[in-house]
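First up is the structure itself, then whatever we jot down about it.
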Amino acid sequence: MPKARKKKNSSFQTTITKSVFLYGRPNKEKLVILQQMQNSYTALINRDIDLLEKNPDIVLQLVKNDKKDPQMRKLEKAIRPEGINSAFCQNAFDAAVVQVSGRLNNIRLDLLSEGMGIFAQSKVLFAMSVMGCSKQKMEETMRQIEGTFYEDCTKTLHEMSEKEFSDLQLEFQERYASKSLEYRVPKLCFVSVPLDLRLMKIEQSTDTKMPYVIIITNPLKTRQRITIPIDTSSHFLHKIQNNKMAGTVLMQVRKGNLRIGWSYDSTRQQPATINCIGVDTGISDCFHTSDGRAIGSMSPVIDFYHKEVEPAFAELAGLRNKKRKIKHFLRKHDLPEDVRRSLIKKMDHLERMIQTAKAPYRKKRCYYARLDHEIKKSVTTYVDSISKDTLTAIEKLDIKEFNKSRKVNGMFSKFARGKLQRKLMEALNQKGCDFFEVAPDFTSQVCPVCINLNAENRHSKGFCCTSCGYQDDADHVGAVNIRNRAGDREILELCKEHQYSRKNLQNAIRIVYEKRHIAYKTKQAASA
C-alpha cells in the first residue's frame, strides 16, 4: 500500500502564496473544446509517467527533478505527439516529471531512515545505485562535484572494499524493490490545465458585463481560439487590481463551469517574540496550552462518527457482501433456471439499494462539515487570544506513523490532527505570529518538575509522576514540555543530529532525561 511522504519541518513564511479565482459559463460548443483539452492533458501526463518510469537512462534527472536538463528536453521532443501544441505537451511532460520525482524521493527518504547511508543520502548516489553503476564510476562522479558533502561521500566510497560495496548494493536493490511496491506509480484522474502566455491571454472586457475575458488557444487544433467572459467576486477583483496579473493560470472545467485560478505572493516580516506558549494537539481537547487553557473539543465529532457514520457504511458493506455471496454461489453451483433467475433478481435489487443509498454519504459529509467547523472555531479562538510577539511552540506531528493500538490509531486518523495543526500554522502565518515545531517524543510522559521519564506517569487524561508525585492534566503537562523543548538547545541539537532516525532520537532523548532526573534527585538530596 502506498505511504505518505514524511512531514517536512514547517516554519514562519515571509512570503505567502494566495490564489484568486475567476469563473465563466461557456456555451456547449466551447465547453466541449475545454473538456477535450482537460482530458487530453490528463492522458498526456499519464502516458509520460509510464514512459519515464520505463526509461532507465534518466533516473538521475528524475531524482533531481531536473526538467530543464538537455536530455530531458530531447526526450520530451522525441515523444511529443503530432498535431498538439508544443507548450501544451511540454507542460504535461513537466507535470509527469514532478509526479515520478516525488515517488522516487519518497523511496529515497524511506531508505535513508532505514540506514542505507550515503546511497540514500546523496541523490546522485541513489540514482546511480538504482541504475546499478560500479563503485569506480560512483567515485569518479563524486570527484567531479564540488562540496564538502560530496568529498565525504568520495572518501567513504574509497575506503569501502569491493565485497562491502557489493553487499550494500545487493541490500539496496532488495530494499528498493520492496519500497517500489509500497509506492505505486502515479495515475492521475483529474488535473487542472496550466495555461501560460503561449496558450492564453486575459484582457479587460469591453463589450460584456463581465470584468474580464480569457482568450484560449486550442492546443489540439491549429489556429483555433475561443473567447470566454469571466467574472469574480468584489474581493478577488480588488486583489487583481492591486497585484500584477499572473503569466500562468490554471484552468478547470467542472459541471459545465470554467474556473480560472492564478496565484500571487504576499510578503510579511517575521515578528520578534518575547514570550512562548506551548500548544498540545490532543484528541478530546483540540488544543491545550501551557498557560492552562483547553480550547475546543472533538469528542462530539468523534461520537457522531462512531454512532452514525460507521453503522451506515457497515450496512452498505453488508449489502455488498450479500451480493458478492450470491454471485459466488451462482458461479459455483449448477442451479435450476427458475432459482437462478430468482437469485439474479435479488442481486439486481441489492445493486439498486447500493446505488441509491444516500444516507451513508450524507452522514459522512455532515461529519466532515462538523470537523471543519470545530477546527476553524478552535484555531480562531487560539489565534485571536495571542499577540504578535508570542511564539507558539507545537509538536511536529507525522500522522503516517501509526504505531499505537487499533482504537487509538482510528481516533488519530479520524480526528485529523494533521489538518488541525496545518490550519493552526496557516492562521498564525496569516496573522503574522511566529511558530516553532518541536519533536513530540515523550512530551506527555516527562514530569516537568523532576524530569522523570516514565510511560506509567500518564493514565489517559491524568498525569501522576511515579517519582515526585506531581499531578496534573496530561495534555497540560504535554503543552508545558513542548514550550520547554522549544528553548532546549541540547534536545534541539539531538533532533538535528538524528533527524533521519526516529529510534536513535528517542534513545538519545531518554539518556538526556535520565541524566537530568539523576541530577535533580542529587540536588534534592543535598539540599535535604
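This chain uses plain numbering: 1 for the first residue, then up along the sequence. Only a predicted model underlies this, so the values are computations on that prediction, with no experimental measurement involved.
A donor-acceptor pair under 3.5 Å links the side-chain atoms of Asn429 to the main chain of Gln13, judged by distance alone. Looking at Arg108, its side chain never comes within 3.5 Å of a backbone N or O of Lys123 through a donor-acceptor pair. Side chain of Glu395 to backbone of Asp280: no donor-acceptor contact under 3.5 angstrom is found. Side chain of Asp434 to main chain of Ala272: no donor-acceptor pair is present (N/O by atom type, distance under 3.5 Å, no hydrogens or angles). Not one N or O on the side chain of Ser501 forms a donor-acceptor pair closer than 3.5 Å with the backbone of His498. No donor-acceptor pair under 3.5 Å is formed between the side chain of Asp488 and the backbone N or O of Asn484. Between the side chain of Thr232 and the backbone N or O of Phe21, at least one donor-acceptor pair lies under 3.5 Å.
Around the CZ atom of Arg510, the shell of radius 6.0 Å holds more than 12 heavy atoms that belong to other residues, nucleotides or ligands. Heavy atoms of other residues, nucleotides or ligands lying less than 6.0 angstrom from CD of Gln241 number more than 12. Heavy-atom neighbours of Lys30 NZ from other residues, nucleotides or ligands within 6.0 Å: above the threshold of 12. Applying the 6.0 Å contact sphere to NZ of Lys376 captures no more than 12 heavy atoms from other residues, nucleotides or ligands. With a 6.0 Å radius and a threshold of 12 heavy atoms from other residues, nucleotides or ligands, Lys64 has its NZ atom at or below the threshold. More than 12 heavy atoms of other residues, nucleotides or ligands shown are found within 6.0 angstrom of NZ on Lys431. Heavy atoms from other residues, nucleotides or ligands lying under 6.0 Å from CZ of Arg268 number more than 12. More than 12 non-hydrogen atoms from other residues, nucleotides or ligands lie less than 6.0 angstrom from NE2 of His459.
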- Intermediate values then yes/no, side chain to side chain contact (heavy atoms under 4.5 Å, CB included), Leu112 and Phe126: CA-CA 10 Å; Leu112 181 60; Phe126 173 79; over 6 Å; no
Between Gln421 and Lys396, is a side chain to side chain contact (heavy atoms under 4.5 Å, CB included) present by the stated rule, with each step listed? CA-CA 9 Å; Gln421 193 118 311; Lys396 181 188 175 185; over 6 Å; no
| query | When you look at Tyr212 and Ile214, which way does the side chain to side chain contact (heavy atoms under 4.5 Å, CB included) test go after all the steps? | reply | CA-CA 7 Å; Tyr212 294 96; Ile214 183 169; over 6 Å; no
Might you work through the side chain to side chain contact (heavy atoms under 4.5 Å, CB included) test for Leu195 and Met37, ending with a clear yes or no? CA-CA 11 Å; Leu195 302 174; Met37 285 175 57; 4.1 Å; yes
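Between Pro26 and Leu34, the shortest heavy-atom distance links the atoms CG-CD1, 3.9 Å. Taking all atoms of both residues into account, the shortest heavy-atom contact from Asp231 to Met210 is CB-SD, 3.2 Å. Residue Ala479 comes nearest to Ser290 through the heavy atom pair CB-N, 3.5 Å, listed as atom of the first residue, atom of the second, then distance. Shortest non-hydrogen contact noted between Ala486 and Ala393 is CB-CB, 3.8 Å. Between Gln252 and Gln38, the shortest heavy-atom distance links the atoms CA-OE1, 3.5 Å. The two atoms that bring Cys366 and Phe304 nearest to each other are SG-CZ, 3.8 Å, heavy atoms only.
Residues Asp441 and Gln506 bring a donor and an acceptor atom of their side chains to less than 3.5 Å of each other. A side-chain donor-acceptor contact under 3.5 Å links Ser387 and Thr390. Residues Asp265 and Thr17 bring a donor and an acceptor atom of their side chains to less than 3.5 Å of each other. Using modelled atom types, one finds no donor on one side chain facing an acceptor on the other under 3.5 Å when comparing Glu426 with Gln430. Side chains of Asn106 and Arg103: a donor-acceptor N/O pair is absent below 3.5 angstrom, by distance only. In this model, no donor atom of one side chain and acceptor atom of the other lie less than 3.5 Å apart for Gln270 and Thr14.
Ring-plane geometry between Phe313 and Tyr361 is classed as perpendicular, the angle between the planes exceeding 60 degrees on a 0 to 90 degree scale with a lower cut at 30.
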